[in-house]
Structures are given as C-alpha cells and as structure tokens.
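Inspection log for the structure reproduced underneath, given as structure tokens.
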Amino acid sequence: SQKIEQNSEALNIQEGKTATLTCNYTNYSPAYLQWYRQDPGRGPVFLLLIRENEKEKRKERLKVTFDTTLKQSLFHITASQPADSATYLCALKRSYNTDKLIFGTGTRLQVFP
Amino acid sequence: SQTIHQWPATLVQPVGSPLSLECTVEGTSNPNLYWYRQAAGRGLQLLFYSVGIGQISSEVPQNLSASRPQDRQFILSSKKLLLSDSGFYLCAWSIRGGNTIYFGEGSWLTVV
C-alpha cells in the first residue's frame, strides 16, 4: 500500500540554524509533492509545491528538494526563528486522476532562542 | 477571496449521542470538499471526499457519514458516537483539478 513517512520525533534546533525535515514515500509515483505547516489547534496551511521535474523550489527562507529516484523530499528552513516552530506535513496526491491528498504524520519543529 | 468556515469549534459529547459538524465555503463554485480527522499524535486521515452535491466518497469504514446538501456545504454526522470518534476534525476544499487543499479552523470533538 502507499505510504508516506516523516520523522515522528521532534526536531529541536537553535535559532539561526537551518532546519531540515525529511519526507519519504513508497509505492507512489507522484507528479508533485506539497508541504504544509500546522500550528497547534489549527488547520494545516499550504507552503510549497514541487513538481517531479523540479529538483528544487525556493520561497523566501524555505527550500524544498524532490528526488524521485530516492522517493524523498527534503524541506529546509534557513535562518530559523522561534516563529517557525510548528508541525510540518508533506502531502501527495494518491494518483494522477484524483484530487485526494494523502498526508504524512508530520514532524514537529521547535526552534529555541 | 475564498473562505472556509466550520463549526462548532469545540464540543464534548457523550457516547451514543449524535453528531453534526458543518462546513461552508464561500467565494468559489463547484469545489471539491473533504473531511479529515487527526487523532492525537497521528496524521491526517481522509474520511470523506465530495466532488459535487450528493456525491460522497467514503475513504474508511467507520461510524460517521457525510452529506453535501448544497454546492458549498459539507456536513459530517454520526447517529451514535463512540469513544474512538474523539479527535480533531478538519473540513477542507480545493479547486476541481487543483493541487492545493485549503483547511478550515477545525473542530475538537471529545467523546466521553
């Protein structure tokens, strides 16, 4: 069956450092992959989408890579700030002919001063 | 601009009682609508998916049902709640054929 894996352990880093989160998937050949941010008690908010023919995508301090051979995406936050503390979710469409998104369990990031 | 609202935000219900969570989307037409559940410490689980009025796809067998009486209205229901129904319920929408899903504020359900 299709599976999306994110590190369930929280990632704790110091302010100013680069945070790197990992998303691995199996039994998928997605056309693209998305990253969302979720704050406690809130719904997820879309951050970035990267397509299968894109190796890297950037948005301000965020960078996403997509390796379809390794079946992995990396999500980087450079110059991290305490306000970046949240849970980050990766998501894939189940198949090309559906609009349904399947989410990973998310990785909680804690940035401390 | 498009907005999505769901209510109530929080509710505590006894086992065996009924449930109704409501969600409406404004500023768009013919959206795809979704109900997700997020149990404590777990990921988002897709419960129901709708591409139009009266068209509901159930993703997992469960004690819940969904209805879409109007184009931009999505309702999650249960006739008799179980303890295992507790969780954070999220309504969401997307443009037909679109890539991004937009979530509501969520509803916390505690079944006691």
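Chain letters run A, B, ... following the sequence lines, proteins first, then strands; residues in each count from 1.
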With heavy-atom distances below 4.5 Å as the criterion, would you say the side chains of A:Leu101 and B:Tyr49 are in contact? no
Please classify the contact of A:Leu89 with chain B as side chain, backbone, both or neither, using a heavy-atom distance under 4.5 Å. side chain
Answer with yes or no whether the hydrophobic clustering places A:Ile4 together with B:Leu47; edges join I, L, V, M, F, W, Y residues whose side-chain heavy atoms lie under 4.5 Å apart. no
Would you say B:Tyr89 ends up clustered with B:Leu83 if hydrophobic residues are merged whenever their side chains have heavy atoms under 4.5 Å apart, either directly or through other cluster members? yes
Just how far is it from atom OG1 of A:Thr105 to atom CD of B:Gln38, taken to the nearest 0.5 Å? 10.0 Å
Return the option, out of B:Ser94, B:Gly98, B:Cys91, with the maximum number of heavy-atom pairs under 4.5 Å with chain A. B:Gly98
Neighbour count >12 (heavy atoms, 6.0 Å) for atom CD, A:Glu60: no
Cluster link B:Ile4 to B:Ile95, ILVMFWY, side chain under 4.5 Å: yes
Do B:Val51 and B:Leu33 belong to the same hydrophobic cluster, where Ile, Leu, Val, Met, Phe, Trp and Tyr are linked whenever their side-chain heavy atoms lie under 4.5 Å apart, directly or via other members? no
Any non-hydrogen side-chain atom of B:Leu90 less than 4.5 Å from a side-chain atom of A:Pro44? yes
Proximal component of A:Gln38, with respect to chain B [non-hydrogen, under 4.5 Å]: side chain
Under 4.5 Å from any heavy atom of chain A - which part of B:Tyr36: side chain
Closest heavy-atom pair and its distance - B:Ile101, A:Tyr36: N-OH, 3.0 Å
Heavy-atom count around A:Arg108 CZ within 6.0 Å, excluding the residue itself: above 12? yes
Euclidean distance, A:Lys100 NZ relative to B:Phe48 CZ, rounded to 0.5 Å: 12.0 Å
Side-chain heavy atoms under 4.5 angstrom apart, residues restricted to Ile, Leu, Val, Met, Phe, Trp, Tyr: same cluster for B:Phe74 and B:Trp7? no
Between A:Phe103 and B:Phe103, is the ring pair (Phe, Tyr, Trp, His ring centres under 6.0 Å) condition met? List the steps. CA-CA 13 Å; A:Phe103 286 82; B:Phe103 287 87; 5.7 Å; yes
Is the shortest side-chain heavy-atom distance between B:Asn99 and A:Phe46 below 4.5 Å? no
